[in-house]
Amino acid sequence: MSKTISINAGSSSLKWQLYKMPEEEVIAKGLIERIGLEDGVSTVKFNGQTETETTDIPNHTIAVKILLEDLLRLNIITSYDEITGVGHRVVAGGEIFKESALIGEKEIQEIEDLSPLAPLHNPAHVAAMRAFQEVLPEVTNVAVFDTAFHTTMPAVAYRYPIANKYYDNYQVRKYGAHGTSHQYVAQEAAKLLGKPIEDTKIITCHIGNGASITAVKGGKSVDTSMGLTPLGGIMMGTRSGDLDPAIIPFLIDREPELADAEAIRNIFNRESGLFGISEKSSDMRDIIAGKEEGDAKCTLAFEMYVDRVKKYIGQYVAVLNGVDAIVFTAGVGENSVPFRQAVLDGLTWFGIDVDPEKNVFGVEGDVTKPESKVKVFVIPTDEELVIARDVERLKTK
Ligand code: ADP
């Protein structure tokens, strides 16, 4: 029996999902947290049960060992031979990786060298890859890149209007992120439209804690809101999104201690977005609850977020010169009816006619009236499944 593990490794966590392939059946999933800290926690969900174990997990190799031992201990597998492939989500693939790749020593080195583009993530991916190579040396490892889908963007979209030397010397350009998700939901949207994907113009809105919007033409990314790093684009939970770059020197002139790369990164990555404006939470549920209670800061945070999403959709209607469907996905996009409603209420001019009876909690698929010129779909994203499919496609064993 063929089983594939899909891995999403962060600096201190490792999320995993075990699939029976090619059936695409999820057998078990889990989360290992607090890697490198005291009292690591490993949670496994299978057959409707949840098992939690607290133990020291000093590094990713130990995390991988715990994961694999759990699979045996809980009788989820009877032998490691059942595992025929491991797929790793990789945040930054730079200009090198245009598609998913089999992982050998060369690829690991390249992913490590791309760490400046994803300093928290790429080193963790490399640690997880090395751990699997050590513990399961015979098993194929595949890397699936968040940036690969966006490598089809034309230079006109990915270059920044700054001196060429910064691109030539340091490859400062737009790479985007969430590519696996944008690609998956665009493909699902084309199916719902009943058209070959080559004939479609789709705007995909991945709105979770991190959030990005992509213009997809004929199934290919032609522009996306995130930039050199996942800080660019729309406002997010704790990230600012796009800003006037002059804000940085303006602040440094007034608070000289901010003349430090880490301090600046912190302000715009961790202290901004919904959290910065509401001073309450980065979670859209809390923001909406605050707004409903009349909290002015939560109301402003919500309205600013909606405004930024609307403007990006508007830009991308222009980039695509039209649009067949707008897709909402990820935590906020899939679950928040008030958020979707507020965005779509401002886009009626484009020919969007939402059906309030369809735009409800838990909906999947079309939320517009049959006569709506532009369709709006809610499509749950499934990055883990795309990873497992790519392993299946590329594995040699
Ligand atoms: P990540 O970017 O971390 O993968 P997710 O896509 O899981 O995030 O999205 C997480 C976010 O989804 C939470 O921070 C929360 O704001 C939002 N969310 C989840 N459920 C709801 C809901 N019912 N209404 C509004 N927001 C929600």
Side-chain angles (χ1 to χ4, degrees), residues 157 176 178 181-208 211-226 233-236 241-242 274 284 287-288 291 299 301-381:
H178 296 141
S181 174
H182 288 293
Q183 182 173 21
Y184 173 77
V185 299
Q187 284 165 349
E188 293 301 305
K191 288 186 206 161
L192 292 173
L193 285 167
K195 279 191 185 181
I197 196 160
E198 293 72 23
D199 301 338
T200 59
K201 294 175 178 180
I202 298 169
I203 297 173
T204 50
C205 307
H206 177 112
I207 315 288
S212 64
I213 301 187
T214 299
V216 187
K217 192 172 194 172
K220 293 194 161 70
S221 169
V222 292
D223 204 350
T224 193
S225 61
M226 280 180 168
I234 54 176
M235 174 174 166
M236 304 174 219
D242 294 345
L274 288 175
M284 185 60 92
I287 301 299
I288 291 174
K291 175 174 165 282
T299 305
F302 179 82
E303 289 177 355
M304 283 174 67
Y305 200 116
V306 167
D307 172 79
R308 298 319 189 260
V309 171
K310 253 172 29 186
K311 282 192 224 172
Y312 257 99
I313 292 174
Q315 275 189 48
Y316 288 165
V317 172
V319 165
L320 295 169
N321 195 12
V323 62
D324 300 311
I326 297 170
V327 182
F328 286 93
T329 193
V332 179
E334 287 167 33
N335 296 307
S336 181
V337 178
F339 165 78
R340 285 199 304 261
Q341 193 62 51
V343 170
L344 295 168
D345 277 348
L347 298 173
T348 49
W349 187 83
F350 288 133
I352 297 171
D353 199 352
V354 175
D355 183 344
E357 290 191 1
K358 290 190 195 159
N359 189 26
V360 292
F361 185 75
V363 68
E364 284 185 26
D366 190 359
V367 299
T368 55
K369 294 184 181 155
E371 61 271 26
S372 185
K373 200 173 110 204
V374 175
K375 290 279 140 196
V376 178
F377 300 135
V378 175
I379 301 178
T381 193

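We use all heavy atoms of the structure for the numbers below, so side chains are in, but hydrogens, waters and symmetry mates are not.
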Are the side chains of [X] and [Y] in touch, meaning some heavy atoms are under 4.5 Å apart?
| X | Y | answer |
| --- | --- | --- |
| Phe328 | Leu344 | yes |
| Lys217 | Lys220 | no |
| Val185 | Phe377 | no |
| Asp366 | Leu192 | no |
| Phe350 | Val317 | yes |
| Ser225 | Tyr316 | yes |
| Val378 | Glu364 | no |
| Arg340 | Val363 | yes |

Over all atoms of both residues, closest heavy-atom pair of [X] and [Y]:
| X | Y | value |
| --- | --- | --- |
| Lys369 | Val354 | CE-O, 3.9 Å |
| Lys201 | Gly322 | CD-O, 3.8 Å |
| Ile287 | Ala301 | CG2-CB, 4.3 Å |
| Ile288 | Pro338 | CD1-CG, 4.0 Å |
| Thr368 | Val376 | CG2-N, 3.4 Å |
| Ser212 | Ile234 | N-CD1, 4.2 Å |

Got a second to check how far [X]'s [atom1] is from [Y]'s [atom2], nearest 0.5 Å?
| X | Y | atom1 | atom2 | answer |
| --- | --- | --- | --- | --- |
| Asp353 | Leu347 | CG | CG | 12.5 Å |
| Lys375 | Ile326 | NZ | CD1 | 12.0 Å |
| Met284 | Ile207 | CE | CD1 | 8.0 Å |
| Leu274 | Met236 | CG | CE | 10.5 Å |
| Gln315 | Ile203 | CD | CD1 | 10.0 Å |

Flag, side chain of [X] to backbone of [Y], donor-acceptor distance under 3.5 Å:
| X | Y | value |
| --- | --- | --- |
| Asp324 | Ile202 | no |
| Thr329 | Thr381 | yes |
| Thr200 | Ile197 | yes |

Should Thr214 and His178 be marked as a side chain to side chain contact (heavy atoms under 4.5 Å, CB included) after you check the CA-CA gap, both sets of side-chain angles, and the distance that decides it? CA-CA 9 Å; Thr214 299; His178 296 141; over 6 Å; no
Counting heavy atoms not belonging to Lys358, are there more than 12 under 6.0 Å from its NZ? yes
Counting neighbours of CD on Glu371 that are heavy atoms of other residues, nucleotides or ligands and sit closer than 6.0 Å, is the number greater than 12? yes
Below 3.5 Å, can you tabulate the donor-acceptor pairs from side chains in residues 302-313 to any protein atom, sequence neighbours excluded?
| residue | atom | partner | partner atom | Å |
| --- | --- | --- | --- | --- |
| Asp307 | OD2 | Lys311 | NZ | 3.0 |
| Tyr312 | OH | Asp242 | OD2 | 2.4 |

